[in-house]
Amino acid sequence: MPARVMSHLEMCLREGVSLQRGMNFRVRGGHSVLLMSVQPGAPYRDQLSEDGTALHYEGHDAPRHTTGGLDPKTVDQPLRTPGGKPTQNGLFFEAALAAERGEGAPERVRVYEKLRPGIWADNGTFHLMGAAQAWDGARHVFIFRLKAVGSEEEGAPPVALHPERRRLIPGWVKLAVWQRDGGRCVECGARDDLQFDHVLPWARGGTSLTPDNVQLLCARHNREKSARIG
């Protein structure tokens, strides 16, 4: 499935909620949503494997107003609020532990990657498979482990995708292509409903690892290209 490009507003409309934070446990569609970034200067150390099948997602810091004036980056990431309610870390952590214990299906998570301010890419659907607390040299943080799945059908079992079945384009390539193509379809100049497309299709040996083999197409021209190739 082509990687869709969307604005923050389009992303919120798709999910049916205003996404004002990176971790969003069980939004209106019944699934969860994570917003990630691997760009320089990103506030958290998210790690996406090169083939796009595995994501290590760092939990989020305590709000500054709850840290007693301390820098949130020096304070352990919290499981609960000062009032005792689970934080987003806590909700995801308990769901991850339940999956590890085999108590029901893993949490289904849609993952969006920030390319630049206001521009996001849909990285597809993952299952939340586990979590742990880790020492980062200054404080304890949460690390959530997610695996890509091949379908967005509700209730579908986890699918461990092999690299050859996952053609995720790395964030740096997406950003380079976006800048090179000016945020427009290379065929018609459209700015809406854009998708990252492999010039030489993945199934025919095309790579995701260089901007030279990736371009921006609108959905219509991407469909027309697929029909010609097929």
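Positions are given from 1 along the sequence. Remember, it's a predicted structure, so these values are computed and weren't measured experimentally.
For D71, the CG atom counts as densely surrounded, since its 6.0 Å shell holds more than 12 non-hydrogen atoms of other residues, nucleotides or ligands.
Between M23 and F92 there is a side-chain heavy-atom pair separated by less than 4.5 Å. Between V177 and Q179, the closest side-chain pair of non-hydrogen atoms is not below 4.5 Å. The side-chain heavy atoms of W120 and R4, taken from C-beta on, include no pair separated by under 4.5 Å. Between V141 and W135 the shortest side-chain heavy-atom distance does not fall below 4.5 Å. Side chains of D122 and M6 form a contact here, defined as non-hydrogen atoms less than 4.5 Å apart. With contacts defined as side-chain heavy-atom distances shorter than 4.5 Å, the pair V214/V199 does not qualify.
Note that CG of L216 is 6.5 Å distant from CH2 of W178, once rounded to the nearest 0.5 Å. Remark: L55 CG to L128 CG distance equals 10.0 Å, nearest 0.5 Å. The OG1 atom of T87 sits 11.5 Å away from the CZ atom of F25 when rounded to the nearest 0.5 Å. With values rounded to the nearest 0.5 angstrom, L194 atom CG is found 9.5 Å from D181 atom CG. Note that the NZ atom of K225 and the CG atom of L217 stand 6.5 Å from one another [nearest 0.5 Å]. Interatomic distance, Q88 CD to N24 CG, rounded to the nearest 0.5 Å: 6.0 Å.
Listed by chain and number, the residues in a side chain to side chain contact (heavy atoms under 4.5 Å, CB included) with A131 are F93, A96, F144 (sequence neighbours excluded). Listed by chain and residue number, E58, D136 satisfy the side chain to side chain contact (heavy atoms under 4.5 Å, CB included) test with R45 (two or more places apart in sequence, or in another chain).
With hydrogens and angles ignored, the 3.5 Å screen pairs a side-chain donor or acceptor of S49 with a backbone N or O of A54. H198 places no side-chain N or O within donor-acceptor distance of the main-chain N or O of R204, the cut-off being under 3.5 Å. Using a distance-only test at 3.5 Å, with no hydrogens or angles considered, no donor-acceptor pair links the side chain of T210 to the main chain of N213. Between the side chain of S18 and the backbone N or O of Q20 there is no donor-acceptor pair closer than 3.5 Å.
Remark: R26 engages E107 in a salt bridge, criterion side-chain N to carboxylate O under 4.0 Å. Here R101 pairs with E94 in a salt bridge; the nearest charged N to carboxylate O distance falls below 4.0 Å. Looking at R139 and D61, a side-chain N of the basic residue comes within less than 4.0 Å of a carboxylate O on the acidic one, giving a salt bridge. Look at R220 and D193 and you find no salt bridge, because none of the NZ, NE, NH1 or NH2 atoms lies under 4.0 Å from a carboxylate O. Between R28 and E15 there is no salt bridge, since no side-chain nitrogen of the basic residue lies less than 4.0 Å from a carboxylate oxygen of the acidic one.
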Inset, instruction - May I have the step-by-step check of side-chain contact (heavy atoms from CB on, under 4.5 Å) for D197 and H221, ending in yes or no? - result: CA-CA 10 Å; D197 168 70; H221 279 106; over 6 Å; no

Inset, instruction - Show your working on side-chain hydrogen bond (donor to acceptor under 3.5 Å, both in side chains) between S37 and Q39 and close with a plain yes or no. - result: CA-CA 6 Å; S37 175; Q39 299 298 322; 5.4 Å; no

Atom pairs and distances, donor-acceptor, side-chain atoms in residues 168-176, under 3.5 Å, two or more places apart:
residue, atom, partner, partner atom, Å
K174, NZ, N123, OD1, 2.6
K174, NZ, I169, O, 3.4

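Taking every heavy atom of both residues into account, L19 and H8 meet most closely at O-NE2, 2.8 Å. Heavy-atom minimum distance, Q77 versus G59: NE2-O, 2.7 Å. The two atoms that bring R108 and V149 nearest to each other are NH1-CG2, 4.0 Å, heavy atoms only. Residues A62 and P72 approach most closely at O-CB, 3.5 Å, considering heavy atoms. Heavy atoms only, all atoms of each residue included: Y57 and L35 are closest at OH-O, 2.8 Å. D46 and V38 get closest at one heavy-atom pair: O-CG1, 3.5 Å.
A continuous path of ILVMFWY side-chain contacts below 4.5 Å connects L91 to F142, so both sit in one hydrophobic cluster. M11 and V111 sit in two unconnected hydrophobic clusters of ILVMFWY residues. Membership requires side-chain heavy atoms under 4.5 Å apart, directly or through other members. Hydrophobic clustering of Ile, Leu, Val, Met, Phe, Trp and Tyr side chains at less than 4.5 Å, counting indirect connections, keeps F196 apart from L209. At a threshold of 4.5 Å between side-chain heavy atoms, the hydrophobic network of Ile, Leu, Val, Met, Phe, Trp and Tyr places V33 and I119 in two separate groups. In the hydrophobic clustering of ILVMFWY residues, with side-chain heavy atoms under 4.5 Å counting as a link, I143 and L79 come out apart.
Cation-pi geometry between K73 and Y44 is satisfied (NZ or CZ under 6.0 Å from the ring centre, within 45° of the ring normal).
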